[in-house]
Amino acid sequence: QETISWYFLAESMPKGGGSNVVNVILVDFRGFDTFGEIIVLGIAAVGALALMDGLKAERRLLQGRLNSMMLSVATRAMLPFALLVTAYIFLRGHNLPGGGFIAGLITSVALVMQYMADGLLETRRRLPLDYAGIIGAGVLIAGLTGVGSWFFGAAFLTSTFGHPHLPVIGEVPLASAVGFDVGVYLTVVGATLLAISVLAGASRRTS
């Protein structure tokens, strides 16, 4: 049976500007599919929020700290390092293993560790992030990246790439698909953390 894998392997660099064939397929050749997938991911997370809203109950806060101090200190020190790793994985994704989806999962795991260490309420107080808003921003950025190609007479989500020369740094490979990847990253972070925080805060109402 004939396949089209040869086409992606041969055209990944000439047409997508990247040697990581999988990532080029996701954000370039089949970008429209990925755009639909992050929309579905966002809808699923917001749907979980709507479904679990009726299960939330006010809880009495116990005096004293029940969480591990060592784990709390370790996770707070780990968060900046995890974000640095996220940036590295994200930026290398077009040519090496990485990209917006994997970077989003790394960030999500780092933030979930904050919940595990400090608890739901304390983490929300210290990191007041609007996860639904992050999802919306991610889908919007991905969509605007696709719309941008219309201004150049190209089809929706058509990408381009080049090698601009920057002062001090020198020649830098740059693909327009990085904007789409930012949208994927934000949607994955927002959807993952929204679903987990909603599930963590859910409990049956007591009559």
Side-chain angles (χ1 to χ4, degrees), residues 20-59 75 79 82-83 85-87 89-91 93-94 97-149 155-159 176-205:
N20 181 357
V21 181
V22 173
N23 192 69
V24 172
I25 291 173
L26 291 175
V27 301
D28 193 323
F29 293 129
R30 298 182 65 85
F32 197 80
D33 289 348
T34 304
F35 185 55
E37 287 166 6
I38 64 173
I39 291 175
V40 171
L41 183 62
I43 291 173
V46 174
L49 175 63
L51 288 172
M52 292 295 181
D53 188 58
L55 295 177
K56 288 184 178 178
E58 294 184 3
R59 300 174 180 177
T75 52
L79 183 58
L83 295 178
V85 173
T86 293
I89 292 296
F90 177 85
L91 293 174
H94 213 53
F101 188 84
I102 301 301
L105 291 180
I106 294 173
T107 300
S108 299
V109 169
L111 292 174
V112 166
M113 290 295 293
Q114 309 298 310
Y115 281 109
M116 293 174 62
D118 294 327
L120 187 66
L121 297 180
E122 173 62 22
T123 303
R124 282 180 176 174
R125 184 193 65 78
R126 191 163 55 86
L127 299 172
L129 301 175
D130 179 9
Y131 297 134
I134 293 174
I135 294 172
V139 173
L140 180 62
I141 290 172
L144 289 177
T145 303
V147 170
S149 59
F156 181 69
L157 280 176
T158 301
S159 66
S176 63
V178 69
F180 183 78
D181 230 6
V182 169
V184 173
Y185 167 78
L186 291 176
T187 306
V188 169
V189 171
T192 303
L193 292 174
L194 179 61
I196 290 176
S197 64
V198 166
L199 292 171
S203 62
R204 293 191 179 279
R205 291 186 182 277

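- Within the 4.5 Å cutoff, no side-chain heavy atoms of I196 are placed close to those of Y115.
- Note: F32 and F156 have perpendicular aromatic rings, judged against thresholds of 30 and 60 degrees for the angle between ring planes.
- Listed here is the closest heavy atom pair of F180 and G31: CZ-O, 3.4 Å.
- No donor-acceptor pair closer than 3.5 Å links the side chain of D181 to the backbone N or O of G99.
- In plain terms, the two heavy atoms of A191 and L41 that are nearest each other are CB-CG, 3.7 Å.
- Under the 4.5 Å side-chain criterion, counting only non-hydrogen atoms from C-beta, V139 is not in contact with L186.
- Side-chain contact between Y131 and V189 is absent, with no heavy-atom pair separated by less than 4.5 Å.
- Remark: D130 engages no residue in a salt bridge (Lys or Arg N to Asp or Glu O under 4.0 Å) (not counting sequence neighbours).
- Side-chain contact between I106 and F90: absent, with no pair of heavy atoms (C-beta onward) separated by less than 4.5 Å.
- A 4.5 Å side-chain heavy-atom check between V27 and T34 finds every atom pair outside the cut-off.
- Going from atom CD1 of I134 over to atom CG of L129 covers 5.0 Å, rounded to the nearest 0.5 Å.
- For the atom pair OG1 (T107) and CD1 (I89), the distance works out to 10.5 Å, reported to the nearest 0.5 Å.
- Taking CD1 of I38 as the reference point, atom CD1 of I43 lies at 11.0 Å (rounded to 0.5 Å).
- A heavy-atom distance below 4.5 Å is not found between the side chains of R125 and D118.
- Residues I141 and G179 approach most closely at CG2-O, 3.4 Å, considering heavy atoms.
- For the pair Q114 and T75, the tightest heavy-atom approach, listed with the atom from each and the gap, is NE2-O, 2.8 Å.
- In this structure, the side chain of S149 does not engage the main chain of T145 through any donor-acceptor pair within 3.5 Å.
- Annotation: side chain of Y185 is in contact with side chain of T86 (closest heavy-atom distance under 4.5 Å).
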message = For a side-chain contact (heavy atoms from CB on, under 4.5 Å) check, start with the C-alpha distance between L79 and L111, then their side-chain angles and the critical distance, and finish with the verdict.
response = CA-CA 7 Å; L79 183 58; L111 292 174; 3.9 Å; yes
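- Counting all heavy atoms, side chain and backbone alike, R124 lies closest to S197 at NH2-O, 3.5 Å.
- At most 12 heavy atoms of other shown residues, nucleotides or ligands fall within 6.0 angstrom of atom CZ in F101.
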